[in-house]
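Reviewing the structure listed below.
Heads up: numbering here begins at 1 and tracks the sequence. The model shown is predicted, which means the values in this text are computed figures rather than measured ones.
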Amino acid sequence: MSKTVKIRDLKVGGKNPVRIKGMLKTQITNKKGLLREALALQTEGADAIRVAVKRAEDASIVGELKKVVKVPLVADVHFHYKTALAAIESGFDSIRWNPLNITDKDQVRTVIKAAKKAKVSIRVGVNSGGFKQRFATERDLALAMLEKISESINLLEAENFFDIMVSLKASTVDATVLANRLFREKFDYPLHLGVTATGPFVPAIVKSAIGIGMLLKENIGDVIRVSLTGPSFWEIRVAKSILQAIGKLDDSPEIISCPTCSRCQVDLISLVENFEKEVLNCKKKGYVFPKKIALMGCEVNGPGEACQADIGVAFGKDKGSLFKKDKIIGSVSAKISMKNLVKKLGGK
């Protein structure tokens, strides 16, 4: 088990839930758009939000962001230690230090002292792309990341600084998983998990789910950030889906649905998509749902899956049988509105 570290008042590590981190993608110069995106990520369920702070003068945006969102804000800093100092002074709750591009030890010590005084945590983040070199094997890359992280932790600890989180990310699942496993054998600081530079949308989701999921199933990892080349809200939704699939998310219902086949006589694909949207809307209004809801398209596996869920419906051509646990409790029209179906299946 890792030790517990705080990002402002958010406890990370230890026996605390796995946290979800989002990242803003709007240009800092587009203030209205940036604030709108930050609020959207908080609404989606981000526990913390990271902001790329490219220049020292950009750090002042934290004041505007804190007027809009309540979750902790993390400054992602590269290349210039004075940018990290500006982020701390401006009020960011944590900073990400990349030891592959801020390398001067005296400069880093200056940042550590400022962070310690302000009670700001530091995430030491190493990505495979930061090495700017090829490695013969995935293991060589993983070991190189671990070595750089180890050097950084030694420097932090020498300054009596222990509010440390760590990330070791590669663009491959193998190197990412191995690096994090090796780290956990050596250190107990909280781990921020993710696979970086994941590629197109669907492959990116698959890589993230496998890499993050494997580690979490081994009880390795305390924060996750899914990296997608796409809108930031999808990163939060995919992260929540990963946590839900491995049993580490309790506040959203798991929707079970069949892949459909020629036996299916309803438009189950649209039905499930619209049902999920309605559930999300209702959750924002405070609705509470059973943990597992089944929406099935025919009589073959439908009743069985519906029975194994907390509640569910197995559709025929014109109507569906409504199940609660292993009992039929009624029927619904195949053309039922999503609002009414949500109510039937436990939204309240």
Side-chain angles (χ1 to χ4, degrees), residues 7-10 12 17-54 58-77 87 90-96 123 167 192-196 198 200-202 204-205 208-209 212 223-245 248-255 272-289 338-339 342 347:
I7 308 177
R8 199 204 306 164
D9 54 355
L10 181 72
V12 176
V18 177
R19 307 301 189 179
I20 296 173
K21 188 178 288 183
M23 185 161 186
L24 299 179
K25 302 192 178 192
T26 306
Q27 293 285 326
I28 279 185
T29 52
N30 179 2
K31 187 181 293 184
K32 286 185 178 179
L34 193 75
L35 299 181
R36 188 164 53 246
E37 184 185 14
L39 184 58
L41 292 187
Q42 178 178 265
T43 302
E44 287 288 344
D47 297 304
I49 297 174
R50 185 154 50 116
V51 188
V53 180
K54 186 175 181 180
D58 293 335
S60 62
I61 193 64
V62 70
E64 296 295 319
L65 287 167
K66 285 192 173 184
K67 293 176 184 177
V68 175
V69 297
K70 303 302 181 186
V71 299
L73 298 167
V74 180
D76 192 48
V77 178
S90 297
F92 274 94
D93 304 301
S94 181
I95 62 167
R96 182 272 180 98
R123 174 168 66 91
S167 64
H192 164 123
L193 301 182
V195 182
T196 189
T198 48
F201 194 69
V202 173
I205 292 174
S208 297
I212 294 171
V223 180
I224 64 173
R225 190 272 166 125
V226 172
S227 298
L228 303 177
T229 307
S232 57
F233 71 85
W234 276 115
E235 298 181 343
I236 307 303
R237 291 184 186 180
V238 172
K240 291 176 77 172
S241 294
I242 293 170
L243 293 180
Q244 187 178 70
K248 291 185 179 289
L249 186 71
D250 294 326
D251 69 342
S252 291
E254 179 182 1
I255 299 172
V272 170
E273 288 177 356
N274 292 327
F275 182 82
E276 183 182 29
K277 289 176 184 177
E278 187 63 29
V279 167
L280 289 172
N281 289 334
C282 289
K283 268 186 56 58
K284 293 172 185 176
K285 298 174 184 176
Y287 279 50
V288 178
F289 293 90
M338 289 305 99
K339 191 167 290 187
V342 164

Test your reading of the model: is there a side-chain donor-acceptor pair from Glu44 to the backbone of Arg237, 3.5 Å cut-off?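 Not at all, since once roles are kept as given, no pair shorter than 3.5 Å links the two residues.
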Are the side chain of Glu37 and the backbone N or O of Thr26 linked by a donor-acceptor pair below 3.5 Å? yes
Is any side-chain heavy atom of [X] closer than 4.5 Å to a side-chain heavy atom of [Y]?
| X | Y | result |
| --- | --- | --- |
| Trp234 | Val226 | no |
| Phe289 | Cys282 | yes |
| Val51 | Ile28 | yes |
| Thr229 | Pro200 | no |
| Val77 | Arg96 | no |
| Ile20 | Lys240 | yes |
| Val74 | Asp93 | no |
| Val71 | Asp47 | no |

Taking salt bridge (charged side-chain N to carboxylate O under 4.0 Å, His left out) as the cut-off, I'd like each qualifying pair that reaches into residues 20-35, sequence neighbours left out, listed once.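 Passing the test, one end in residues 20-35: Lys25-Glu235.
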Those residues that, when tested against Arg50, pass salt bridge (charged side-chain N to carboxylate O under 4.0 Å, His left out) (two or more places apart): Asp76
Set of salt bridge (charged side-chain N to carboxylate O under 4.0 Å, His left out) partners for Arg19, sequence neighbours left out: none
Mind running side chain to side chain contact (heavy atoms under 4.5 Å, CB included) on Val62 and Lys66 for me, showing each step along the way? CA-CA 6 Å; Val62 70; Lys66 285 192 173 184; 3.9 Å; yes
Find the distance between [atom1] ([X]) and [atom2] ([Y]) and round it off to the nearest 0.5 Å.
| X | Y | atom1 | atom2 | value |
| --- | --- | --- | --- | --- |
| Asn281 | Glu276 | CG | CD | 11.0 Å |
| Ser208 | Ile224 | OG | CD1 | 9.0 Å |
| Ile255 | Phe275 | CD1 | CZ | 5.5 Å |
| Leu39 | Ile49 | CG | CD1 | 8.5 Å |
| Leu65 | Leu73 | CG | CG | 5.5 Å |
| Ser94 | Ile7 | OG | CD1 | 5.0 Å |

Specify the closest pair of heavy atoms between [X] and [Y], including all atoms of both residues, with the distance to one decimal.
| X | Y | result |
| --- | --- | --- |
| Gly22 | Ala46 | N-CB, 4.2 Å |
| Ala204 | Ser227 | CB-O, 4.2 Å |
| Leu10 | Pro72 | CB-CG, 3.8 Å |

Judged by modelled atom types alone, do Ser167 and Arg123 share a side-chain donor-acceptor pair under 3.5 Å?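 The answer is yes; a qualifying pair exists.
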Is it true that, when you exclude Glu254 itself, more than 12 heavy atoms of the residues, nucleotides or ligands shown sit nearer than 6.0 Å to its CD? yes
Run the side chain to side chain contact (heavy atoms under 4.5 Å, CB included) test on Val223 and Val18 for me, step by step, so that the C-alpha distance in whole Å, both residues' side-chain angles and the decisive distance to 0.1 Å come before the verdict. CA-CA 5 Å; Val223 180; Val18 177; 5.9 Å; no
Mind running side chain to side chain contact (heavy atoms under 4.5 Å, CB included) on Val53 and Ile61 for me, showing each step along the way? CA-CA 9 Å; Val53 180; Ile61 193 64; 5.6 Å; no
